[in-house]
Structures are given as C-alpha cells and as structure tokens.
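Everything below concerns the one structure shown next.
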Amino acid sequence: MTVISSPFERQPTYRQILRPFWFVGALMMMLDGLTTYLALTLHADNGAREGNPIAVWAMEHIGVAGTCILKVLIGVAMMWRLATTAERGHKFEWLNRGLFLRKRPTWKVRRNAAWALAFSLVLMGVVVGNNLRAIISLSTQ
C-alpha cells in the first residue's frame, strides 16, 4: 500500500509543536530539584548552601526534600501553564490585557508565552548547569 502525500496534509497543532518544549522544561525542573537536593544533602559539610532566601525559609519549615519537591511541582505547573497559554491564549479574557490594560490579540499572548517558555528553558539549563558544577567541584574537595 502506498501513501500519497497531498498539499492538504494535516499540519501539526500548537500542542504537538509545544509538547517537546514542555517535556524538556518539566525535565529541567526535575533535574533542578534533584541536583539541588544532592548538593544540599551530600555536600552540606563541604559548604553547599542555598542562595535563594525564599528557599532557605522553606527549608527551615519543610526540610530540603520538601522544598525540592515543592520546587519541582511549582516549576512543572508553570511550564504547563506557559505551554497552554502559548497554545490557546489565556482562558480568561482579562488576562489577555497588557500593562496599560488594553486588549492584546490572542496571537500576541500566545507568542509572548512561547518566548517565556523558551527563556525559561534556557534559564533552567543555566541553573542545572550551576548545580552540577557545584556538585562536581565539591566532590573533588
């Protein structure tokens, strides 16, 4: 059986296009939580410390493991929210407004969410890289 491709083939949906970005973002959030946990539990004696004051406060109240799990859950939820916003715009019309409270077209809302998703991936790559660098440098001490 031969398959004939036509110019009217179905184009991928925004969800299909954004799924890899969301998946990589969720993976980066999990790696961030894991590397933070490893650095702060295995290398606490070597001087590993959390630099984020909010995370330090959370660690005092729910512990390192709880903070890392909370960090992963919040990060995955934010990545999902950015991906769904980039797919269809905001669910509520009042969230489609700009800084000056004027209505923005849905394509602009979707574009901005897609850029925020891409920037978040780059930023999380840097964070995970710094965590790994700290783990490696503290392991050699």
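Numbers here are sequence positions counted from 1.
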Heavy-atom closest pair, residues Ala55 and Glu50: CB-CG, 3.6 Å

Side-chain heavy atoms under 4.5 angstrom apart, residues restricted to Ile, Leu, Val, Met, Phe, Trp, Tyr: same cluster for Tyr37 and Val72? no

Could you state whether Leu121 and Phe119 fall into the same hydrophobic cluster, counting links through intermediate Ile, Leu, Val, Met, Phe, Trp or Tyr residues with side-chain heavy atoms under 4.5 angstrom apart? no

Kindly say whether Val128 contributes a backbone atom to a donor-acceptor pair with the side chain of Asp32 at under 3.5 angstrom? no

Is it possible for you to say whether Val127 and Met30 belong to one hydrophobic cluster, with membership spreading through side-chain heavy-atom contacts below 4.5 Å? yes

Compare all side-chain heavy atoms of Ser120 with those of Met78 and state whether any distance is below 4.5 angstrom. no

Would you give the length of the straight line joining atom CG of Leu27 to atom CH2 of Trp22, rounded to the nearest 0.5 angstrom? 10.0 Å

When rounded to the nearest 0.5 Å, the distance separating CD1 of Ile136 from CG of Asn131 is 11.0 Å

Could you see if Val76 belongs to whatever hydrophobic cluster contains Met124? Use Ile, Leu, Val, Met, Phe, Trp, Tyr and a side-chain cutoff under 4.5 Å. yes

Hey, could you give me the OG1/CG distance between Thr35 and Leu132, rounded to the nearest 0.5 Å? 5.5 Å

Quick note, side chain to side chain donor-acceptor pair (under 3.5 Å) partners involving residues 62-78, not counting sequence neighbours, are Thr36-Lys71

Group every Ile, Leu, Val, Met, Phe, Trp and Tyr by side-chain heavy-atom contacts under 4.5 Å, then state whether Val24 and Leu123 land in the same group. no

For the atom pair CG (Leu40) and CE (Met59), what is the distance rounded to the nearest 0.5 Å? 4.5 Å

Give, for atom CG of Leu34 and atom CD1 of Ile69, the distance between the pair rounded to the nearest 0.5 Å. 11.0 Å

Nearest-0.5 Å distance, OG1 of residue Thr84 to CG of residue Leu117: 10.0 Å

Specify the closest pair of heavy atoms between Met29 and Met79, including all atoms of both residues, with the distance to one decimal. CE-CE, 3.6 Å

